[in-house]
Amino acid sequence: MSLQMTASQTVGPYLHIGLDGLNTDNLVGEGVTGERIVLQGRVFDGNGKIVPDGMIEIWQANAHGKYAHPDDTRELPVEAGFKGFGRISTDAEGGFRFTTIKPGRVPGPGGALQAPHIVVSVFARGLTKRLATRVYFADEASNADDPILKLVPAERRATLIAKRTGDGVYEWNVAIQGDSSGNDETVFFDV
């Protein structure tokens with residue numbers, strides 16, 4: 001007996017159903033140390049139009065470089081008020097906004113320290129699986145030595161860099177698809 005393959009299904013347009021109860025846009029509770037920041041931006045499709053029904057997830061270390069996950073067994077401070085994970089739907093303007101802290105550096109391939117970054121998953125209609133990417137911070141000198149960022153062609157790295165636009169506010173937009181040559185498309189990783 002052989003099994004017949006069924007068609008792939010996309011993750012939208014009703015991806016919010018059953019997930020909204022898990023939404024949180026504030027990762028920082030009482031007693032959490034580090035620089036409080038806002039990460040905000042918008043999601044655009046391949047035609048440059050906003051995606052008002054997408055979903056963004058972020059995952060990050062705390063300011064000490066410690067993940068709020070049992071697999072992170074390093075001897076670093078854990079802060080009970082820090083969630084480390086956030087999820088929100090894009091709004092009617094394709095926007096998203098998280099309140100969090102600027103993450104610390106974490107070890108990467110070969111034990112080299114990575115620049116502060118946030119891991120991001122993007123869900124939207126028309127996609128068969130999530131898009132995985134990262135966001136770095138424009139004012140971090142350690143970006144130059146980040147082992148993952150260095151794998152990205154220099155001309156595409158800007159798609160992964162959030163710019164400081166105000167006091168503790170970083171702006172970063174997601175382009176799900178670029179023009180015919182792929183220009184301006186956010187860099188996504190095969191994970």
Can you classify the ring geometry of W172 versus F96 as parallel (below 30°), tilted (30 to 60°) or perpendicular (above 60°)?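 Rings of W172 and F96: perpendicular, as their planes differ by over 60°.
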Same cluster for [X] and [Y] if Ile/Leu/Val/Met/Phe/Trp/Tyr side chains link at under 4.5 Å?
{"X": "V191", "Y": "W59", "result": "no"}
{"X": "Y67", "Y": "I37", "result": "no"}
{"X": "V120", "Y": "V106", "result": "no"}
{"X": "F82", "Y": "V119", "result": "no"}

Using atom types as modelled and distance alone, determine if a side-chain donor or acceptor of [X] lies under 3.5 Å from a backbone N or O of [Y].
{"X": "R74", "Y": "G65", "result": "yes"}
{"X": "D25", "Y": "I88", "result": "no"}
{"X": "Q114", "Y": "I148", "result": "no"}
{"X": "N62", "Y": "H64", "result": "yes"}
{"X": "T186", "Y": "A175", "result": "yes"}
{"X": "R157", "Y": "V152", "result": "yes"}

Which heavy-atom pair separates [X] from [Y] by the least distance, and what is that distance?
{"X": "K83", "Y": "A68", "value": "O-CB, 3.8 Å"}
{"X": "P52", "Y": "I50", "value": "CD-O, 3.3 Å"}
{"X": "Y170", "Y": "R164", "value": "OH-NH2, 2.7 Å"}
{"X": "K163", "Y": "A138", "value": "CA-CB, 4.2 Å"}
{"X": "N47", "Y": "D45", "value": "N-OD1, 2.8 Å"}
{"X": "P116", "Y": "R105", "value": "CD-CG, 3.8 Å"}

Roughly how far apart are R125 CZ and I176 CD1, rounded to 0.5 Å?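 Rounded to the nearest 0.5 Å, the CZ-CD1 separation comes to 8.0 Å.
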Starting at CG of L160, measure out to CZ of R134 and round the result to the nearest 0.5 Å.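 One gets 9.0 Å once the value is rounded to the nearest 0.5 Å.
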Within the 4.5 Å heavy-atom criterion, are [X] and [Y] side-chain neighbours or not?
{"X": "V51", "Y": "F44", "answer": "no"}
{"X": "V174", "Y": "F188", "answer": "yes"}
{"X": "E185", "Y": "R156", "answer": "yes"}
{"X": "P103", "Y": "H117", "answer": "no"}
{"X": "L149", "Y": "I161", "answer": "yes"}
{"X": "V43", "Y": "N173", "answer": "no"}
{"X": "E57", "Y": "F85", "answer": "yes"}
{"X": "L39", "Y": "Q60", "answer": "no"}

If you count heavy atoms of other groups shown closer than 6.0 angstrom to CD of E155, is the number above 12?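 Yes, CD of E155 has more than 12 neighbouring heavy atoms, counting only those of other groups under 6.0 Å.
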Count the heavy atoms belonging to other residues, nucleotides or ligands that lie under 6.0 Å from CG of D71, then report whether that count exceeds 12.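 Yes, enclosed.
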Go through T133 and T159 one step at a time and tell me if the side chain to side chain contact (heavy atoms under 4.5 Å, CB included) criterion holds. CA-CA 10 Å; T133 188; T159 68; over 6 Å; no
Which Ile, Leu, Val, Met, Phe, Trp or Tyr residues join V38 in one cluster when any pair of side-chain heavy atoms under 4.5 Å counts as a link?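 Result for V38 is V169.
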Only one of I118, I101, T100 clears side-chain contact (heavy atoms from CB on, under 4.5 Å) with L27; which?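 Exactly one pass, corresponding to T100.
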Intermediate values then yes/no, side chain to side chain contact (heavy atoms under 4.5 Å, CB included), I56 and F98: CA-CA 10 Å; I56 302 290; F98 291 98; 3.7 Å; yes
Does a side-chain N-to-carboxylate-O contact under 4.0 Å join K102 and D139?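 Between D139 and K102 there is a salt bridge, with a charged N closer than 4.0 Å to a carboxylate O.
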